[in-house]
Protein chains: 4
Amino acid sequence: MAAGQPPNKRDVILHSAMQVFSRKGFHDSTMEDVAQEAGVGKGTVYLYFPSKQALIEEIFRYSINLYVDAVDKMSQDHTCLRTQLEAILVHVLAMAERNQQASGLFLEGATGMSEEFKGWVIDSKSILLDRYADLLAQATQRGQIRLVDVRMWAHLIAGGVDSLVTTVLWGKAAPDHHRLAQQVVDAWWSGLMSRELNA
Amino acid sequence: MAAGQPPNKRDVILHSAMQVFSRKGFHDSTMEDVAQEAGVGKGTVYLYFPSKQALIEEIFRYSINLYVDAVDKMSQDHTCLRTQLEAILVHVLAMAERNQQASGLFLEGATGMSEEFKGWVIDSKSILLDRYADLLAQATQRGQIRLVDVRMWAHLIAGGVDSLVTTVLWGKAAPDHHRLAQQVVDAWWSGLMSRELNA
Amino acid sequence: MAAGQPPNKRDVILHSAMQVFSRKGFHDSTMEDVAQEAGVGKGTVYLYFPSKQALIEEIFRYSINLYVDAVDKMSQDHTCLRTQLEAILVHVLAMAERNQQASGLFLEGATGMSEEFKGWVIDSKSILLDRYADLLAQATQRGQIRLVDVRMWAHLIAGGVDSLVTTVLWGKAAPDHHRLAQQVVDAWWSGLMSRELNA
Amino acid sequence: MAAGQPPNKRDVILHSAMQVFSRKGFHDSTMEDVAQEAGVGKGTVYLYFPSKQALIEEIFRYSINLYVDAVDKMSQDHTCLRTQLEAILVHVLAMAERNQQASGLFLEGATGMSEEFKGWVIDSKSILLDRYADLLAQATQRGQIRLVDVRMWAHLIAGGVDSLVTTVLWGKAAPDHHRLAQQVVDAWWSGLMSRELNA
DNA sequence: GATGAATGAGCTTTCATTCAT
DNA sequence: TATGAATGAAAGCTCATTCAT
């Protein structure tokens, strides 16, 4: 009665859809499943989302934003690339554990998706790669790392994060995210650090 | 009768399925599509594969094997980890370009897949991670790299490879695979190399 | 407050329904459409009409009455069959042009209607045929026309009127209704007129 | 085994659809109904007709052709307009009795049909009006009738035929089609015949 | 072996109707 | 009175799978 947001029905449905899609897969989930999970009638889902396709797209949008926002926030909270990367990793791993659905749907990729759908995922991933590249470019300007191919390194970082998060999602990851993050960034660091600092 | 492999009908269907699934997505492809692509009747597909599910599983099996075999072959052909990794990268990138379907289906992951299906993909990826871990362990024993967390490094390498290959599949990669491979391995190397060699 | 009829809400809804049904077809119109056209809430429609079916039936009732009333009025206003028919035609054509919805819904018939529905239309058309037959019988008694099969002639007249009105509804009719009516009645007249007058 | 055409499955479905649509109305009939009536599975209907809409359109096409063909044949079989009209009437009435579905669906019109659908019906009716107008024009050239507005007369004839046939379809018509036809044509004739012949 | 016509379970989506406010 | 969010029955349509030929 007193506290918390009123349980917005649209959000309830959105999260239920994430749960269901993540559990049974998009195509093997029915709108009936989603409605049941949300505790509403089938027609109600259509009151908030015009189609099943719109529902999955909204989920993708939501997921990518969650990820990008995390990267942005961690970037602003710190000024040292090393700390930034560590913070991002810790945050993303935590997010993955808390919010398996969203992360999973976004990170797992797009097997069996139609071209149109795939385009969506590609665009989303591009945004992230850009963010990582920006981060690296800024660190270069600050002299924190040497001159590297930022696009390539963005790939290595994004790929590594993906791989680690996937492991978390699949419940096989080490529980100590801080230590894991440190190790990973350490591994990247040798390749990134400026020669002078290296010396 | 005389030359080449006899055009095994099962393989024709398998490759046609890859083409179709890769183009339209698994769920949006029909068995009719597959049959047409293979130039056979719909019933014939069922003569060689008991179900659509069996077909996609066979494709996954095939794809992962293609990948693992490549890793194995490159591992045996070379004795230096650096060279091994470079060779693997070059080979896998080439494979991705040649055989977009198989690689794509395997690498792109599993969004919207059902749990059962996902298990398949996880197992497949585990096999690869094991291979990379083995490679690193052997290199450690040979003193080529220092003592690192091989599981973590396996993740970084596998993830990086995935990310790069995905780019190739999406037609955005640099055309010079050799140079790209060298750069990538270089990046990894600083983190991997034994202190002594580093000095 | 002072002048005109009070804008009876039931009538507003009825006319809105006519508009909508006539524009989009009965089955392709939703109760939501009707409510929106009437500027009321969906629930309000149900306050005045128990169901969609009841709504269309009321429209039919209204439409047939409009038609029959016209025939009755023109019959009373004139005493010569020729003038009566001409007046009816002119009136009905004008009505069709003014009130496309009602006329259209009634005259266009009943393709794809269910038996139950069809019964309604049949009954309605019967009423009209009776009116025409009465008109002819009276003219016979007055000696204005010779002894003819009034039922058959009622069909010919009703059918002809239908066909002409349909053309008006479809926007292909001549604009001069008076001339058209005269021509049509002329055409009928030769067959109807009493031999004596003919001579 | 020996005689008759092989029972073409497409035709079986088409006729079943006519039966069902005519009985329950287009919108109140389901594809399941049609399939059941035809004694086939639901999917089989879609093997021969791509959609419910396509099915009704095919029925319309079929019906209008049945009607137009009858008019054409009777026109060619006779050279005197009077005989032509009588033959057409007799033929069409018989057709209506034999093949209630097709005739009914075509003749009853288009209440509650969507605009698009209505266009179809209008076009179909136009074809018929043209045929009647041609018939009248030819008779005028042959001097069999005087100079009349052939479009208007086409309307009167078409409308009258419609009205009569509708009565037959609704089971209220006189059983003696020949006599009925003669009476009707008689009625028209006075208005049509050339003055000279009239004298 | 090879085929493709036939099937029906099961999907997404619509919408007349209800009812708490 | 008036409303519109909520509902679920029911529709059109798809397609993996079967089987007579």
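Only heavy atoms go into these numbers, but all of them, side chains included; no hydrogens, no water, no symmetry mates. A note on names: the letters A, B, ... follow the listed sequences, proteins ahead of strands, and every chain is numbered from 1.
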Smallest separation among heavy atoms of C:Ala38 and C:Val12, with atom names: O-CG1, 3.9 Å
Which atom of D:Ile13 lies closest to which atom of D:Thr44, heavy atoms considered: CD1-O, 4.2 Å
Touch class at under 4.0 angstrom, heavy-atom based, for A:Tyr48 against every strand present: sugar-phosphate
Sugar-phosphate, base or nothing in reach of C:Thr30, heavy atoms under 4.0 Å: sugar-phosphate
What's the [atom1]-[atom2] distance between [X] and [N], to the nearest Å?
X	N	atom1	atom2	value
C:Gln36	E:dA16	CD	P	13 Å
B:Phe21	F:dC15	CZ	C1'	13 Å
C:Ile13	F:dT1	CD1	P	12 Å
A:Leu55	E:dC11	CG	P	16 Å
A:Asp28	F:dA16	CG	C1'	13 Å
C:Arg10	F:dA2	CZ	C1'	18 Å
A:Ile56	E:dT12	CD1	P	12 Å
B:His27	E:dG10	NE2	P	15 Å

Closest-nucleotide 5' rank along DNA chain E - winner of D:Val45 and B:Gly41: B:Gly41
All side chain to side chain contact (heavy atoms under 4.5 Å, CB included) counterparts of B:Ser29, not counting sequence neighbours: B:Val20, B:Phe21, B:Lys24, B:Asp33
Partner set under side chain to side chain contact (heavy atoms under 4.5 Å, CB included) for B:Ile127, not counting sequence neighbours: B:Val68, B:Arg131
Partner residues of C:Lys42 under the salt bridge (Lys or Arg N to Asp or Glu O under 4.0 Å) criterion, sequence neighbours left out: C:Glu32
Salt bridge (Lys or Arg N to Asp or Glu O under 4.0 Å) involving C:Glu58 - partner list, sequence neighbours excluded: C:Arg10, C:Arg61
Pairwise 5' ranking along DNA chain F for A:Val40 and D:Thr44, keeping only the more 5' one: A:Val40
For nucleotides 17-19 of chain E, list the nitrogen or oxygen atoms of the protein found under 3.5 Å from its nitrogen or oxygen atoms, one pair per line.
residue, atom, partner, partner atom, Å
E:dT17, OP2, C:Tyr46, OH, 3.1
E:dT17, OP2, C:Lys52, N, 3.0
E:dT17, O4, C:Lys42, NZ, 3.3

Under-4.0 Å side-chain N/O to phosphate OP1/OP2 contact, C:Lys9 with F:dT1: no
A:His15 side, atom NE2; A:Ser22 side, atom OG - distance, nearest 0.5 Å: 12.0 Å
Base-pair map of DNA chain E as dot-bracket, where | denotes pairing with a different strand and pairs are Watson-Crick or G-U under 3.5 Å: .||||||||||||||||||||
Close side-chain approach of C:Tyr48 and C:Leu14, heavy atoms under 4.5 Å: no
C:Lys52 (side chain) donor-acceptor with C:Thr30 (main chain) under 3.5 angstrom: no
